[in-house]
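Quick note on labels: first sequence line is chain A, next is B, and so on, each numbered from 1.
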Amino acid sequence: DTAVSQTPKYLVTQMGNDKSIKCEQNLGHDTMYWYKQDSKKFLKIMFSYNNKELIINETVPNRFSPKSPDKAHLNLHINSLELGDSAVYFCASSQYGHGNTIYFGEGSWLTVV
Amino acid sequence: AQTVTQSQPEMSVQEAETVTLSCTYDTSENNYYLFWYKQPPSRQMILVIRQEAYKQQNATENRFSVNFQKAAKSFSLKISDSQLGDTAMYFCAFMKDSSYKLIFGSGTRLLVRP
């Protein structure tokens, strides 16, 4: 019974395409995140939503657009994919509140060719 | 800006022995939280342990414990009785009290040898 689930887990696509990654959590949390892990394993936050409201928006190209239809779902849409977008994208969730533990999904491995 | 440094890119340990992974951080905050996450080859990020900076007592979770030295801004992870399943990347992470962002170190790859 996966707590934070992402689809797809693997995605290979060509430059210039548009793709989406979906995320759902069944932990009852009200805050969700997207993190990016690059080829050197470095992890960095991209976005965060609390109850469908954007609360963190790091310096990310406009080609990346998150959408949260409800507090249990957070999707990531990427337009005009570039080679440098190749990475593992992690969805995560937590209960709203400073210092609360953030729980991660299994990651979506995106390869742009 | 806060930074997290893990100075050991790779470490190895014999099964059943003890290993300590280092982490230092830089912050001017007084209240914050520290975490260790494990990333096995399956890629999933799994919480190992969490420490609140205002608590002096070191956190422990079964075979995992931390040595939290607030003045030195050090947060090392000790793994006792290492098991083959402990083989993974270990990430130290920092979150300040007024934020929801985890700031990660660069990770330490741990290999447990049979």
Colleague: Within residues 43-57 of chain A, which positions have a heavy-atom distance to chain B below 4.5 Å?
Modeller: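 Listed by number, the contacting residues are A:L43, A:I45, A:I55, A:I56.
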Colleague: As an exercise: rank B:I46, B:D97, B:N31 by heavy-atom pairs under 4.5 Å with chain A and give me the winner.
Modeller: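 Most heavy-atom pairs within the cutoff with chain A belong to B:D97.
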Colleague: Does NZ or CZ of B:R43 come closer than 6.0 Å to the centre of the six-membered ring of A:Y89, within 45° of the ring's axis?
Modeller: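 Output no; distance or angle outside limits.
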Colleague: Between B:L47 and chain A, which part of the residue has a heavy atom less than 4.5 Å away: side chain, backbone, both or neither?
Modeller: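 Only the side chain of B:L47 comes within 4.5 Å of chain A.
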Colleague: So how far is it from B:S106 OG to A:K41 NZ, rounded to the nearest 0.5 Å?
Modeller: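 The distance works out to 13.0 Å.
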Colleague: Are B:V4 and B:M11 linked, directly or through other ILVMFWY residues, by side chains that come within less than 4.5 angstrom of each other?
Modeller: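 Cluster IDs for B:V4 and B:M11 match.
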Colleague: Should B:L102 and A:L27 be regarded as members of a common hydrophobic cluster, given that ILVMFWY residues are connected when their side-chain heavy atoms come within less than 4.5 Å of each other, either directly or indirectly?
Modeller: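 No, no single cluster joins them.
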Colleague: Check whether any side-chain heavy atom of A:Q37 sits under 4.5 Å from a side-chain heavy atom of B:F91, and report yes or no.
Modeller: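 Side-chain contact under 4.5 Å: yes.
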Colleague: Using the rule that Ile, Leu, Val, Met, Phe, Trp and Tyr join whenever any side-chain heavy atoms are under 4.5 Å apart, tell me whether B:V48 and A:I102 fall into a single cluster.
Modeller: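 No, B:V48 does not connect to A:I102 through the hydrophobic network.
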Colleague: What about B:L34 and B:F104, same hydrophobic cluster or not, with Ile/Leu/Val/Met/Phe/Trp/Tyr joined at side-chain heavy-atom distances under 4.5 Å?
Modeller: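 No, it is not one cluster - the side chains of B:L34 and B:F104 are not joined through contacts under 4.5 Å.
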Colleague: Does B:L111 sit in a hydrophobic cluster with other residues, and if so which ones, taking ILVMFWY side chains as linked at heavy-atom separations under 4.5 Å, directly or through other members?
Modeller: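 Other cluster members: none.
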Colleague: To which residues is A:F42 joined in a hydrophobic cluster, defined by side-chain heavy-atom contacts under 4.5 Å among Ile, Leu, Val, Met, Phe, Trp and Tyr, whether direct or through other members?
Modeller: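 When side chains under 4.5 Å apart are linked, A:F42 ends up in no cluster with other residues.
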Colleague: Hey, which of B:M89, B:K101, B:E52 has the most heavy atom pairs under 4.5 Å with chain A?
Modeller: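 So the answer, after comparing B:M89, B:K101, B:E52, is B:K101.
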Colleague: Identify which of A:A92, A:G97, A:S94 forms the greatest number of heavy-atom pairs closer than 4.5 Å to chain B.
Modeller: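 If we count pairs closer than 4.5 Å to chain B, A:G97 comes out on top.
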Colleague: Is there a donor-acceptor pair under 3.5 Å between the side chain of B:Q44 and the backbone N or O of A:F104?
Modeller: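 Pair found, side chain donor or acceptor close to backbone of A:F104.
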Colleague: Is chain A contacted by the side chain of B:Q39, its backbone, both, or neither, given a heavy-atom distance below 4.5 Å?
Modeller: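 Only the side chain of B:Q39 comes within 4.5 Å of chain A.
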Colleague: side-chain hydrogen bond (donor to acceptor under 3.5 Å, both in side chains) with A:H73: which residues, sequence neighbours excluded?
Modeller: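 A:H73 satisfies side-chain hydrogen bond (donor to acceptor under 3.5 Å, both in side chains) with A:D70 only.
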Colleague: Tell me, with the steps shown, if A:Y33 and B:Y100 meet ring-ring contact (aromatic ring centres under 6.0 Å, His included).
Modeller: CA-CA 9 Å; A:Y33 311 81; B:Y100 302 93; 7.6 Å; no
Colleague: Under 4.5 Å from any heavy atom of chain A, what part of B:Y33 do you find: side chain, backbone, both or neither?
Modeller: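 Contact with chain A: side chain only.
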Colleague: Please give me the minimum heavy-atom distance between A:F90 and B:M45, naming the atom from each residue.
Modeller: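 Shortest heavy-atom contact: CE2-CG, 3.9 Å.
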Colleague: Can you tell me if B:K78 has over 12 outside heavy atoms packed within less than 6.0 Å of its NZ?
Modeller: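 Counting other residues, nucleotides and ligands, NZ of B:K78 stays at 12 neighbours or fewer.
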Colleague: Give the minimum heavy-atom separation between A:T101 and B:Y37, together with the two atoms involved.
Modeller: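 Scanning both residues, the minimum pair turns out to be CG2-OH, 4.1 Å.
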Colleague: Check for me, please, whether B:I79 and B:F35 land in the same ILVMFWY cluster - side-chain distances under 4.5 Å, paths through other members count.
Modeller: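 No, because B:I79 and B:F35 fall into different hydrophobic clusters, even though each may have its own neighbours under 4.5 Å.
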Colleague: Quick check on B:K70: does its NZ atom have over 12 non-hydrogen neighbours (other residues, nucleotides or ligands) under 6.0 Å away?
Modeller: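 Correct, the count exceeds 12.
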